[in-house]
Amino acid sequence: KASAIIIEDLCRGLNLPCAIYGHWTSSKHVEIDEFKSFDDIDKKDRYRLECITAKGANRDGAALYYAGEQLKKRPETNKLMIVISDGQPADTDYYGEAAEKDTHDAKQRLTKAGIKVFAAAIGADKENIERIYGDGFMDVTDLDTLPEVLTKLVVKNIR
């Protein structure tokens with residue numbers, strides 16, 4: 001929740017379009033919550049970020065694919081995806097090397113499509129997250145560093 005609020009605040013301050021999604025699985029079905037849309041019609045999306053809660057298992061590859069498809073529709077030239085993760089992908093029959101490969105492959109497909117993908121690890125599985133995202137990995141276990149890290153990342157990649 002804190003990470004999403006920081007990202008939304010940064011994007012609003014820089015006048016950058018931003019969408020924020022959360023995901024989890026339910027009986028092997030990926031559920032996506034859109035907490036903030038690119039088209040913030042009522043200008044209240046940022047308040048919906050207070051509804052973010054941890055809900056359980058995750059199939060990160062599918063979630064990356066979904067969010068990437070939303071980004072591909074956008075007219076902006078520079079497209080950034082920032083993934084905030086508190087652990088490696090894991091669900092029933094979706095864990096370990098296979099889940100990491102699926103997520104890594106999704107990241108690679110997005111990169112080939114021109115989307116820059118970065119992952120901020122805020123949990124104990126940061127080694128796994130680094131293995132999946134490679135050069136797009138950011139260690140922000142200390143959330144106090146997140147605003148500075150994200151500001152540098154965004155400014156560097158939107159020029």
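Excluded from the calculations below are hydrogen atoms, water molecules and symmetry mates; all remaining heavy atoms, backbone and side chain alike, are included. We count residues from 1, following the sequence as given. Predicted model only: the values in this text are computed from it and were never measured.
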Review point. Among side-chain atoms of Thr25 and Asn58, is any donor-acceptor pair under 3.5 angstrom?
Key: no
**Study point:** Hydrophobic cluster membership, Met81 vs Phe137, 4.5 Å side-chain cutoff
**Key:** yes
Study note, to complete from the structure: In this structure, CD1 of Ile20 is separated from SG of Cys11 (nearest 0.5 Å) by 7.0 Å
Practice item. Answer with yes or no whether the hydrophobic clustering places Leu80 together with Leu71; edges join I, L, V, M, F, W, Y residues whose side-chain heavy atoms lie under 4.5 Å apart. Key: no
Point to revise | Rounded distance (nearest 0.5 Å) linking atom CD of Glu8 with atom SG of Cys18 | key: 6.5 Å
**Study point:** Nearest non-hydrogen partners of Val140 and Ala120, listed with the distance
**Key:** CG2-CB, 3.4 Å
Exercise for review: Could you go through the salt bridge (charged side-chain N to carboxylate O under 4.0 Å, His left out) check for Glu127 and Arg131 one step at a time?
Suggested key: CA-CA 6 Å; Glu127 291 83 14; Arg131 199 169 40 247; over 6 Å; no
Review point. Say you draw a straight line from CG of Asp139 to OG1 of Thr145; how long is it, rounded to the nearest 0.5 Å?
Key: 7.5 Å
**Study point:** From CA spacing to verdict: salt bridge (charged side-chain N to carboxylate O under 4.0 Å, His left out), Lys101, Glu97
**Key:** CA-CA 6 Å; Lys101 182 179 180 338; Glu97 288 181 22; over 6 Å; no
Point to revise | Pairing residues for Glu34 by the salt bridge (charged side-chain N to carboxylate O under 4.0 Å, His left out) criterion, not counting sequence neighbours | key: none
Point to revise | Short side-chain to backbone donor-acceptor contact, Asp45 and Ser37, under 3.5 Å | key: yes
Practice item. Looking only at non-hydrogen atoms, find the nearest pair between Ala90 and Ala57 and report the distance. Key: O-CB, 3.3 Å
Practice item. Test side-chain contact (heavy atoms from CB on, under 4.5 Å) on Glu50 and Ile5 and set out the steps. Key: CA-CA 8 Å; Glu50 286 297 324; Ile5 290 169; 3.4 Å; yes
Point to revise | Lys1, NZ atom: more than 12 neighbouring heavy atoms under 6.0 Å | key: yes
Practice item. Please list, chain by chain and in numerical order, all residues satisfying salt bridge (charged side-chain N to carboxylate O under 4.0 Å, His left out) with Glu69, sequence neighbours excluded. Key: Lys72
Review point. Do Met138 and Leu143 belong to the same hydrophobic cluster, where Ile, Leu, Val, Met, Phe, Trp and Tyr are linked whenever their side-chain heavy atoms lie under 4.5 Å apart, directly or via other members?
Key: yes
Study note, to complete from the structure: Per salt bridge (Lys or Arg N to Asp or Glu O under 4.0 Å), Glu76 is matched among Lys73, Lys79, Arg74 by Arg74
Exercise for review: Please assess Glu148 against Lys152 for the test side-chain contact (heavy atoms from CB on, under 4.5 Å), listing each intermediate value before the final yes or no.
Suggested key: CA-CA 6 Å; Glu148 181 180 345; Lys152 288 178 182 177; 3.0 Å; yes
**Study point:** Close side-chain approach of Val117 to Gln108, heavy-atom, < 4.5 Å
**Key:** no
Exercise for review: Treat each ILVMFWY residue as a node, draw an edge where side-chain heavy atoms are under 4.5 Å apart, and state whether Ile32 and Tyr94 are in one component.
Suggested key: no
Point to revise | Backbone of Phe35 reached by a side-chain donor or acceptor of Asp33 within 3.5 Å | key: no
Exercise for review: Is it possible for you to say whether Tyr47 and Leu49 belong to one hydrophobic cluster, with membership spreading through side-chain heavy-atom contacts below 4.5 Å?
Suggested key: no
Exercise for review: May I ask you to establish whether Arg109 and Tyr65 are in a cation-pi arrangement, using a distance under 6.0 Å from NZ or CZ to the six-membered ring centre and at most 45° from the ring axis?
Suggested key: no
**Study point:** Gap separating the OG1 atom of Thr151 from the CG atom of Leu14, nearest 0.5 angstrom
**Key:** 7.0 Å
Review point. Hey, what do you get for CG (Asp135) to OG1 (Thr111), rounding to the nearest 0.5 Å?
Key: 7.5 Å
Point to revise | Tyr66-Tyr21 aromatic ring centre distance below 6.0 Å | key: yes
Exercise for review: Check whether any side-chain heavy atom of Lys107 lies under 4.5 Å from a side-chain heavy atom of Asp105, and answer yes or no.
Suggested key: no
**Study point:** Min side-chain heavy-atom separation Arg12-Arg46 under 4.5 Å
**Key:** yes
Review point. How close do Leu110 and Gly68 get, heavy atom to heavy atom, and via which atoms?
Key: CD2-CA, 3.5 Å
Exercise for review: State which residue, out of Ile132, Ile129, Val83, fulfils the side chain to side chain contact (heavy atoms under 4.5 Å, CB included) condition with Thr103.
Suggested key: Ile132
Practice item. Determine the minimum heavy-atom distance between Gln70 and Phe38, stating which atoms define it. Key: O-CE1, 4.4 Å
Check your understanding: Just how far is it from atom CG of Leu146 to atom CD1 of Ile82, taken to the nearest 0.5 Å?
Key -> 8.5 Å
Exercise for review: Please check if atom NZ in Lys36 has more than 12 non-hydrogen atoms from other residues, nucleotides or ligands closer than 6.0 Å.
Suggested key: yes
Review point. Would you find a donor on one side and an acceptor on the other, under 3.5 Å apart, between the side chain of Asn157 and the backbone of Leu153?
Key: yes
